[in-house]
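To keep things clear, I will list the structure first and then write my remarks on it.
The chains referred to below are lettered A, B, ... by the order of the sequence lines, with proteins before strands, and numbering in each begins at 1. Model, not experiment: these values are computed from the prediction.
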Amino acid sequence: MNQYYANQGIINEKQQKALLTKRILLIGAGGLGGHLANGFVRLGLKELIIVDPDVYEITNLNRQLFSDHFALNKAKVEVLKKALQPINPEVTITVYQSKIETLDSDLFKHVDLIVDGVDTPKVKQTLEMLGETLNVPLLHGAIGGWYGQYGIVLPGSALLQTFYQTIPSGLEKTLRCPTFTLGVIANYMLSEYVKWIIHHPNTLIDQIMWVDLENNEQHILIDKTGDPNGES
Amino acid sequence: MVKVKFFALIRSNHRIAQMEVESGSLKSIINTIKTRVPTLSDEEIDNAVIFINQRKVMHQKRYDEILKDGDELIFTNFVGGG
C-alpha cells in the first residue's frame, strides 16, 4: 500500500499514475486556494505551481486553510509550500509571490490545467484568457455567502467572459465568504478535476453549476457544450 | 408557459422558488412577477442576472428578449469570491 491507496476505490492504478504526471497552475492561495492546494497534493500530482501576492491577514482566519495566528503577515504561498510539502514530499511545489498579471505566461507553458482560486470576476476572466494562451482548461470556482459555482472551461469557449461580462463583484461583497462554502466548492472543483482526468461522462465541461447551500440545491446556470460561439 | 426559477437574493428575501408565467417578452414576464410578488423591488430585478434555457445571459436591464412556451428563466446573482 502507498499514500494513494484510499484514492483507488474510485480511480484505478493507471488513472492514479495519470494524476501523478499532472502539472497544475493554481492562482490564488486564499479561501478556495488553500483547500484546492491541499486537495491536489493529497490526490497526488507532479508539480503544483501556486501564485498569490498576498500575506495572511487577521480576516483570513475564518476560512483560509493553513492560516493561523503565527502565519499573519507571512506570504500565503510560502506558508502553503511549507505546510504541503511534508504531506507529499514527491510533489514539486513551485511558488510565486506575485500577481498572475505580472508574470510571463511562458513560465507556465508546461502546465496541464489552470485552477481558479481568485476572488474577482476580472481576474477570473484573465485566467480564462491565460487558458486560451496556454491552450489548457481552466477549473473554475467562485463563492459568495451560502452560494457557489464551479465548472471546467475549455480554451476558446469564453464561458466566463459570457458569464461575468463587466461586473466588478458579486454577492461575496455583502454576504462574504464562510469557510464551509469555500470547502464545498473547492472540493466540487477537485471532484470535477478527477472526473476530467478519468474521462467521466458527467464531467461539467463548459457548464457552470450553481450550488445553493441555504436550500440544499444545485442547478446548471449556463451550458456552452457544443455551442462555442453561443450568444451572450 | 415559461418556468421561472429564483435563486440567491430574490429567493432568500421573498421566499419564492419558482412560478409559471405566460410566454412573452422578458419585460412583460418581469411585470407579471412584480404583480405576483409586490414586495419585489426594481433594484432587486436590476441587480439580478438572468439565464435563459442555460444558454443566454441577460445582464442588467436587457429585457427585450422574447420567451416561448417551455422556456426556462433563472433569476440569480453573481458570485465572484474565492
Do other residues, nucleotides or ligands put more than 12 heavy atoms under 6.0 Å from Glu65(B) CD? yes
Heavy-atom pairs under 4.5 Å with chain B are the metric here; pick the option from Gly144(A), Gly117(A), Ala142(A), Pro168(A) that has the most. Ala142(A)
So does Arg23(A) have more than 12 non-hydrogen atoms from other groups sitting under 6.0 Å from CZ? yes
Bottom line for Trp146(A): the part with an atom under 4.5 Å from chain B's heavy atoms is neither
Of all the residues in residues 4-38 of chain B, which have a heavy atom that comes within less than 4.5 Å of a heavy atom in chain A? Lys5(B), Phe7(B), Ala8(B), Leu9(B), Arg11(B), Ser12(B)
Between Gln64(A) and chain B, with a heavy-atom cut-off of 4.5 Å, which part of the residue counts as in contact: side chain, backbone, both or neither? neither
Rounding to 0.5 Å, atoms OG1 (Thr76(B)) and CD (Gln149(A)) come to a distance of 8.5 Å
Using modelled atom types only, decide if a donor and an acceptor are shared between the side chain of Tyr147(A) and the backbone of Phe78(B) within a distance under 3.5 Å. no
Using the ring-ring contact (aromatic ring centres under 6.0 Å, His included) rule, take Phe163(A) and Phe51(B) through it: C-alpha gap first, then chi angles, then the decisive distance, then the call. CA-CA 10 Å; Phe163(A) 193 89; Phe51(B) 292 90; 5.3 Å; yes
Greater than 12 external heavy atoms within 6.0 Å of Lys3(B)'s NZ: no
Comparing Arg63(A), Glu172(A), Lys124(A) against chain B, the one with the most heavy-atom pairs below 4.5 Å turns out to be Glu172(A)
Which atoms of Ile220(A) approach chain B - backbone, side chain, both or neither, heavy atom under 4.5 Å: both
Nearest 0.5 Å please: distance from the NE2 atom of His219(A) over to the CD atom of Glu72(B). 4.0 Å
Drop me the distance from Trp210(A)'s CH2 to Ile74(B)'s CD1, to the nearest 0.5 angstrom. 10.0 Å
Pairs of heavy atoms under 4.5 Å with chain B: top-ranked of Ile208(A), Thr181(A), Leu32(A), Asn215(A): Asn215(A)
Checking heavy atoms, do the side chain of Leu221(A), its backbone, both or neither come under 4.5 Å from chain B? both
Heavy-atom donor-acceptor pair, Arg55(B) side chain to Asp223(A) backbone, under 3.5 Å: yes
